[in-house]
Every structure is written in C-alpha cells, then in structure tokens.
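Encoded as structure tokens, the structure appears first; notes follow it.
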Amino acid sequence: MQYFVSVIDDRTNSATSEEMSAIDEFNRRLEAEGHWVFAGGLAAPSSATVIDNRGGEALFTDGPFLESKEYLAGFWIMQAPDLDVALKLAAEGSKACNRRVEVRPFL
C-alpha cells in the first residue's frame, strides 16, 4: 500500500539546516529500505492559485484555497505493507523534520 504523509507547518521556509540534514538522511533510509516513492516540499500558501472550472468558464483566484494558521508544507508518499509500518515511518519522519505529520492511505 501507499500512504500520503503530509507535513504540517505554521511558517514558510522554516526548516533549519539541521532539520534539512535529518530529512535528507531519513529520505535516504526510506529509499534504502524500499519505502520511498516520492517526496517534496511546497512553496508558501501565498504562491497558490485556486482554479474552479465547474461552470462555463474557468475562474482563477490567487492565494490559498483556505486561510489557515497551519498549512501543508511538504509530503512523502511511502510504500508500506500495512498501516502500522506507515505510522512508524511517519513518526520517524515527524522527528526528522520536527513538524507534525498526517498519514492517509491512498484508495
């Protein structure tokens, strides 16, 4: 199964060099152990554009879909045999990036 592990933050570009090193090391371990699928950091919510094309014409709106104190700052997509393993890996990822994370399975 694959799991989406989202990193939750309340600041933009806030990772320290120590946190970035810990994240890089964690990513290398995920790759070595076969859990790595993909990961990435995201730009600030202010850089977002929301597109609504449900009507007759696409509507483009600058800024985030939702105003919030916390936002999705990055993510991992991990391969794990079950939720227990995914939660263990996510806990290690949370420690590495020093942020809260949320785990959700892909359907």
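Remember, it's a predicted structure, so these values are computed and weren't measured experimentally.
Here the shortest heavy-atom pairing between A96 and A22 reads O-CB, 3.4 Å. When all heavy atoms of L89 and A80 are compared, the closest pair comes out as CD1-CB, 4.5 Å. Shown here for I51 and A58, the closest heavy-atom pair between the two residues is CG2-CB, 4.5 Å. M20 approaches A15 most closely through the heavy-atom pair SD-CB, 3.6 Å.
Note that CZ of F60 and OG1 of T49 are 8.5 Å apart. Values are rounded to the nearest 0.5 Å. Atom CZ of R99 sits about 4.5 Å away from atom CG of D9, to the nearest 0.5 Å. Within the model, atoms CD of E70 and CD1 of I8 stand 6.5 Å from one another, a figure rounded to the nearest 0.5 Å. To the nearest 0.5 Å, atoms CG (D24) and OG (S17) are separated by 11.0 Å. How far SG of C97 is from CG of N27: 10.0 Å, rounded to the nearest 0.5 Å. Between atom OG of residue S6 and atom CZ of residue R104 there is a gap of 7.5 Å, rounded to the nearest 0.5 Å.
Under the rule for a side chain to side chain donor-acceptor pair (under 3.5 Å), the partners of R29 that lie at least two apart in sequence or sit in another chain are E33, E92. The side chain to side chain donor-acceptor pair (under 3.5 Å) search around N98 returns E19, not counting sequence neighbours.
One finds a salt bridge joining E25 and R28 here, because a Lys/Arg side-chain nitrogen approaches an Asp/Glu carboxylate oxygen to under 4.0 Å.
Inter-residue side-chain proximity for V7 and F75 is flagged as unmet; no heavy-atom pair is nearer than 4.5 Å. Here the side chains of V85 and H35 are in contact, with some heavy-atom distance below 4.5 Å.
Taking the centre of each ring, Y3 and F106 stay at or above the 6.0 Å mark.
Hydrophobic clustering of Ile, Leu, Val, Met, Phe, Trp and Tyr side chains at less than 4.5 Å, counting indirect connections, unites W36 with I23. Both L30 and L83 belong to a common hydrophobic cluster when Ile, Leu, Val, Met, Phe, Trp and Tyr are linked at side-chain heavy-atom distances under 4.5 angstrom. Under the 4.5 Å side-chain heavy-atom criterion for grouping Ile, Leu, Val, Met, Phe, Trp and Tyr, F38 is not connected to M78 through any hydrophobic cluster. Placement of V37 and V101 in two distinct hydrophobic clusters is found when ILVMFWY residues are connected by side-chain heavy-atom separations under 4.5 Å, directly or transitively.
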Can you list the steps and then say if E102 with L72 is a side chain to side chain contact (heavy atoms under 4.5 Å, CB included)? CA-CA 10 Å; E102 176 187 73; L72 179 63; over 6 Å; no
Go through V103 and L87 one step at a time and tell me if the side chain to side chain contact (heavy atoms under 4.5 Å, CB included) criterion holds. CA-CA 7 Å; V103 179; L87 293 176; 4.0 Å; yes
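Using cut-offs of 30° and 60° on the angle between ring planes, the pair F26 and W76 is perpendicular.
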